Trainee: 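Before anything else, here's the structure in question.
Counting from 1, the numbers follow the sequence of the chain as shown. Here the structure is a predicted model, which is why all the values come from computation and not from measurement.
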Amino acid sequence: MELSVNGRRRRAVRVLKAVTPQAEKAAAGTGAGAAPKRAGSDKVSWSQAALSFLQEVNRQDLERQRKLLEAKQQKNGDLEMLPKSLKVMERCRKIASRIMKGDKVPPQDEQYLMECDPDGYKLALACRVPKENPKKWESVLEDEEQENGSAGEAESGGETSEAESSAVEAAEC
């Protein structure tokens with residue numbers, strides 16, 4: 001069903017035409033001083049129970065909208081963290097594959113793998129194949145991570161407490 005302004009206007013004109021002859025008859029019968037009644041001049045009074053019901057429905061609707069907004073924000077936060085976690089996973093995969101091949105990796109890379117992916121570290125050590133001439137690899141980690149221990153400290157200015165730095169490292173992994 002479609003509502004239009006034109007349809008409302010037509011109905012209003014019909015109602016006014018229907019009311020006007022009745023008002024003229026009433027005015028002619030009672031005298032010229034009586035004012036005709038207009039359509040739509042009725043007053044509505046709400047009971048206290050109806051008002052409280054409407055307020056409760058509005059409150060529930062606002063709560064539902066707030067929850068939907070929070071869910072959308074949570075999804076956006078998850079999407080922002082995805083590239084960081086993919087970087088960490090890629091670094092861990094490279095380090096683990098180098099260990100499995102029997103090559104030498106820097107100690108900070110081994111430590112990074114141990115912290116970020118303990119199961120992958122155990123698996124890499126268990127699957128390691130010894131080599132006669134192992135290749136010595138450069139670190140997979142970026143320079144900032146090697147110097148500070150984590151990229152989060154480099155971004156935050158470098159001066160953080162031990163508790164904050166461990167929380168940043170745990171969040172990165």
Trainee: What about L113 and L125, same hydrophobic cluster or not, with Ile/Leu/Val/Met/Phe/Trp/Tyr joined at side-chain heavy-atom distances under 4.5 Å?
Mentor: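 As far as the 4.5 Å side-chain criterion goes, L125 and L113 are connected within one cluster.
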Trainee: Considering all heavy atoms of both residues, which atom of G102 and which atom of P134 are nearest to each other, and what is their separation?
Mentor: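 That would be O-CB, 3.3 Å.
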Trainee: Say you draw a straight line from CE of M114 to NZ of K122; how long is it, rounded to the nearest 0.5 Å?
Mentor: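 With rounding to 0.5 Å, CE (M114) is 10.5 Å from NZ (K122).
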Trainee: Who pairs with R128 by side chain to side chain donor-acceptor pair (under 3.5 Å), at least two apart in sequence or on another chain?
Mentor: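 For R128 there are no side chain to side chain donor-acceptor pair (under 3.5 Å) partners, ignoring immediate neighbours.
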Trainee: Could you tell me which residues satisfy side chain to side chain donor-acceptor pair (under 3.5 Å) with Q73, sequence neighbours excluded, listed by chain and number?
Mentor: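 Q73 satisfies side chain to side chain donor-acceptor pair (under 3.5 Å) with no other residue.
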Trainee: List for me each residue that meets salt bridge (charged side-chain N to carboxylate O under 4.0 Å, His left out) alongside K131, sequence neighbours excluded, and say none if there are none.
Mentor: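 Testing K131 for salt bridge (charged side-chain N to carboxylate O under 4.0 Å, His left out), a comparison that skips the adjacent residues, returns D103.
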Trainee: Quick one: CD on Q111 to SG on C116, what's the gap to the nearest 0.5 Å?
Mentor: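 SG of C116 is found 9.5 Å from CD of Q111.
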Trainee: Under the 3.5 angstrom rule, does the side chain of D109 hit a backbone N or O of V140 as a donor-acceptor pair?
Mentor: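 Here the side-chain-to-backbone pair exists.
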Trainee: Please name all residues satisfying side-chain contact (heavy atoms from CB on, under 4.5 Å) with P118, sequence neighbours left out, ordered by chain then number.
Mentor: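 Listed in chain order: nothing, the list is empty.
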Trainee: Just jot down the salt bridge (charged side-chain N to carboxylate O under 4.0 Å, His left out) partners of E63, sequence neighbours excluded, or say none.
Mentor: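 R66.
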Trainee: Can you name the side-chain contact (heavy atoms from CB on, under 4.5 Å) partners of A50, sequence neighbours left out?
Mentor: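 Here the qualifying residues are W46, S47.
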Trainee: Who passes salt bridge (charged side-chain N to carboxylate O under 4.0 Å, His left out) against E132, sequence neighbours left out?
Mentor: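 E132 satisfies salt bridge (charged side-chain N to carboxylate O under 4.0 Å, His left out) with no other residue.
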Trainee: Write down the atom of R98, the atom of E138, and the distance for their closest heavy-atom approach.
Mentor: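 Taking R98 first and E138 second, the nearest heavy atoms are NH1-O, 3.4 Å.
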Trainee: Can we say R93 and E90 salt-bridge, meaning some charged N sits less than 4.0 Å from an Asp/Glu carboxylate O?
Mentor: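 Result for this pair is yes, salt bridge flagged.
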Trainee: With sequence neighbours left out, write down each residue that passes side chain to side chain donor-acceptor pair (under 3.5 Å) with Q48, or none if nothing qualifies.
Mentor: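 Once residues adjacent in sequence are excluded, Q48 has no partner under the side chain to side chain donor-acceptor pair (under 3.5 Å) criterion.
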Trainee: Go through the side-chain N and O atoms of E70 and Q74 and say whether any donor and acceptor fall under 3.5 Å apart.
Mentor: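 No, because no side-chain N or O of E70 sits under 3.5 Å from a partner of the opposite role on Q74.
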Trainee: Just verifying a value: how many Å separate K94 NZ and S139 OG, rounded to the nearest 0.5 Å?
Mentor: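 Between K94 NZ and S139 OG, I get 11.0 Å after rounding to 0.5 Å.
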Trainee: Sequence neighbours left out, what passes side-chain contact (heavy atoms from CB on, under 4.5 Å) with L62? Give chain and number order.
Mentor: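 Listed in chain order: Q65.
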Trainee: Testing the 3.5 Å rule here: is there a donor-acceptor pair between the side chains of E115 and Y121?
Mentor: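 Note: E115 and Y121 side chains miss the donor-acceptor criterion.
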Trainee: Would you please name every residue forming a salt bridge (charged side-chain N to carboxylate O under 4.0 Å, His left out) with D61, sequence neighbours left out?
Mentor: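 Only R64 meet the salt bridge (charged side-chain N to carboxylate O under 4.0 Å, His left out) criterion with D61.
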Trainee: Treating Ile, Leu, Val, Met, Phe, Trp and Tyr as nodes and any side-chain heavy-atom pair under 4.5 angstrom as an edge, say whether M100 and I95 lie in one connected cluster.
Mentor: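 Each belongs to a different hydrophobic cluster.
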Trainee: Taking all non-hydrogen atoms of both residues into account, name the closest pair between C92 and Y112 and its distance.
Mentor: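 Nearest pair, atom of C92 first, then Y112: SG-CE2, 4.1 Å.
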